[in-house]
Amino acid sequence: MDSFINYINSALPDQKGDSILYKYKRKVLEEMTQRANEVTSRGINNRQVVDDLIISEYANLKEDYKEYYKKEKAAQNSKRNLIYNIIGSGIYLLLILVVYFGVSFATHAWNMTWAIIADGVLIWVVYLLMLGVKKFTSMKRIFHIFARMFLAGAVITWMTAVFLLIVAVTDIPHSWLIVIFGLITMFICDGLYATLAKHRLAILNWLIYIPVIAVFTFIIIGVLGFLPWGIAWIIIPVSLILDLVIILLAIGKNKLDKMEVADTWNEN
């Protein structure tokens with residue numbers, strides 16, 4: 001065991017206050033000792049031979065420690081952030097209540113101030129959902145579906161908060177259109193996420209989303225009177241034409257890629 005300790009200390013000199021390094025050294029020493037016992041149990045009794053064999057299996061301690069350090073640091077940061085988020089959320093929600101009662105008693109506008117609590121909680125939910133988006137995005141691609149679900153939820157929740165605020169403090173007509181606009185924003189954000197993350201079905205998502213966005217846009221334009229209904233409907237067939245253009249461009253790009261691959265193969 002002394003040879004293992006000497007080898008570990010020579011490869012990884014002690015650093016004062018580095019608990020991760022100390023933990024890693026103990027972990028490696030336990031592994032090496034266990035491995036030595038396994039080798040000895042198979043009939044190799046020469047201690048020097050056993051020690052040299054085990055040490056050779058841990059020839060890259062510095063590189064291994066770098067990876068271990070990154071993982072441990074990430075785990076520590078995640079744990080610390082979780083604690084901060086729990087404490088911060090408690091303080092935030094308490095602050096919302098204080099502001100709500102303070103503003104309500106000061107103004108007596110209880111028919112409006114309810115939006116402080118409603119929007120405050122919804123904004124907190126948006127924050128939590130975006131944390132989920134960040135977490136799932138950092139994981140393997142198979143988990144990105146959850147990131148997209150959380151992103152959609154965050155967008156809708158945010159737009160709901162905007163809608164409730166406007167309903168509470170104003171009398172703007174057709175304010176329900178904010179919900180429709182929120183749906184448009186949700187589809188756009190999801191399509192952009194799929195595109196930026198280079199998902200294989202990103203184009204298919206856009207082919208579905210574009211006509212849907214066109215329908216919602218048609219409703220908004222018609223209700224607000226930006227264009228007569230008899231003219232605004234053209235947006236829908238235009239969206240289908242745009243879909244066709246995207247399909248043709250994708251087919252053309254695919255053929256071009258195949259030609260480039262074939263040319264490269266023939267050159268070789």
Would you name the heavy atoms of [X] and [Y] that are closest together and state the gap between them?
X: Phe181; Y: Met159; result: CD2-CE, 3.5 Å
X: Trp158; Y: Ile123; result: CZ3-CG1, 4.0 Å
X: Ile96; Y: Val121; result: CD1-N, 3.9 Å
X: Ala147; Y: Val133; result: O-CG2, 3.5 Å
X: Ile55; Y: Ser3; result: CD1-O, 4.3 Å
X: Gly182; Y: Val155; result: O-CG1, 3.8 Å

With rounding to the nearest 0.5 Å, note down the distance linking [atom1] in [X] to [atom2] in [Y].
X: Ile234; Y: Ile241; atom1: CD1; atom2: CD1; value: 10.0 Å
X: Asp119; Y: Phe163; atom1: CG; atom2: CZ; value: 11.0 Å
X: Tyr84; Y: Lys79; atom1: OH; atom2: NZ; value: 12.5 Å
X: Leu227; Y: Ile220; atom1: CG; atom2: CD1; value: 13.0 Å

Is any side-chain heavy atom of [X] less than 4.5 Å from a side-chain heavy atom of [Y]?
X: Ile20; Y: Tyr65; answer: yes
X: Pro211; Y: Leu240; answer: yes
X: Met130; Y: Leu151; answer: yes
X: Val28; Y: Tyr68; answer: no
X: Ile246; Y: Ile210; answer: yes
X: Thr113; Y: Ile116; answer: yes
X: Leu122; Y: Val126; answer: no

Going through the checks in order, is the ring-ring contact (aromatic ring centres under 6.0 Å, His included) test met by Trp114 and Tyr100? CA-CA 7 Å; Trp114 60 267; Tyr100 167 67; 9.8 Å; no
Within 6.0 angstrom of Arg200 CZ, more than 12 heavy atoms from elsewhere: no
Tell me if the CD1 atom of Ile203 is crowded by more than 12 foreign heavy atoms within 6.0 Å. no
Using the side chain to side chain contact (heavy atoms under 4.5 Å, CB included) rule, pick out the option among Lys73, Glu72, Glu67 that qualifies with Tyr69. Lys73
Assess, by modelled atom type and distance only, whether the side chains of [X] and [Y] contain a donor and an acceptor separated by less than 3.5 Å.
X: Asn85; Y: Tyr127; answer: yes
X: Arg148; Y: Asn205; answer: yes
X: Thr195; Y: Trp206; answer: yes

Sub-3.5 Å donor-acceptor pair from the side chain of Tyr92 to the main-chain atoms of Gly120, do we have one? yes
Backbone N or O of Ile86 within a donor-acceptor pair of the Ser89 side chain at under 3.5 Å? no
Step-by-step side-chain contact (heavy atoms from CB on, under 4.5 Å) determination, Tyr58 to Phe4: CA-CA 10 Å; Tyr58 289 82; Phe4 295 158; over 6 Å; no
So, applying side-chain hydrogen bond (donor to acceptor under 3.5 Å, both in side chains) with Glu31, which one of Lys27, Gln34, Arg35 is it? Lys27
Classify the ring geometry of Phe101 against Trp110: parallel below 30°, tilted from 30° to 60°, perpendicular beyond 60°. perpendicular
Check the angle between the aromatic planes of His199 and Tyr193 and answer parallel, tilted or perpendicular using the 30° and 60° thresholds. perpendicular
Would [X] and [Y] show up in the same hydrophobic cluster when neighbours are defined by side-chain heavy atoms closer than 4.5 Å?
X: Leu164; Y: Val169; result: no
X: Val179; Y: Leu165; result: no
X: Leu183; Y: Ile236; result: yes
X: Val238; Y: Phe187; result: yes

Pair Phe136 + Phe150: ring centers closer than 6.0 Å: yes
Show the numbers, then the answer: is there a side-chain contact (heavy atoms from CB on, under 4.5 Å) between Tyr24 and Ile8? CA-CA 10 Å; Tyr24 179 73; Ile8 294 172; over 6 Å; no
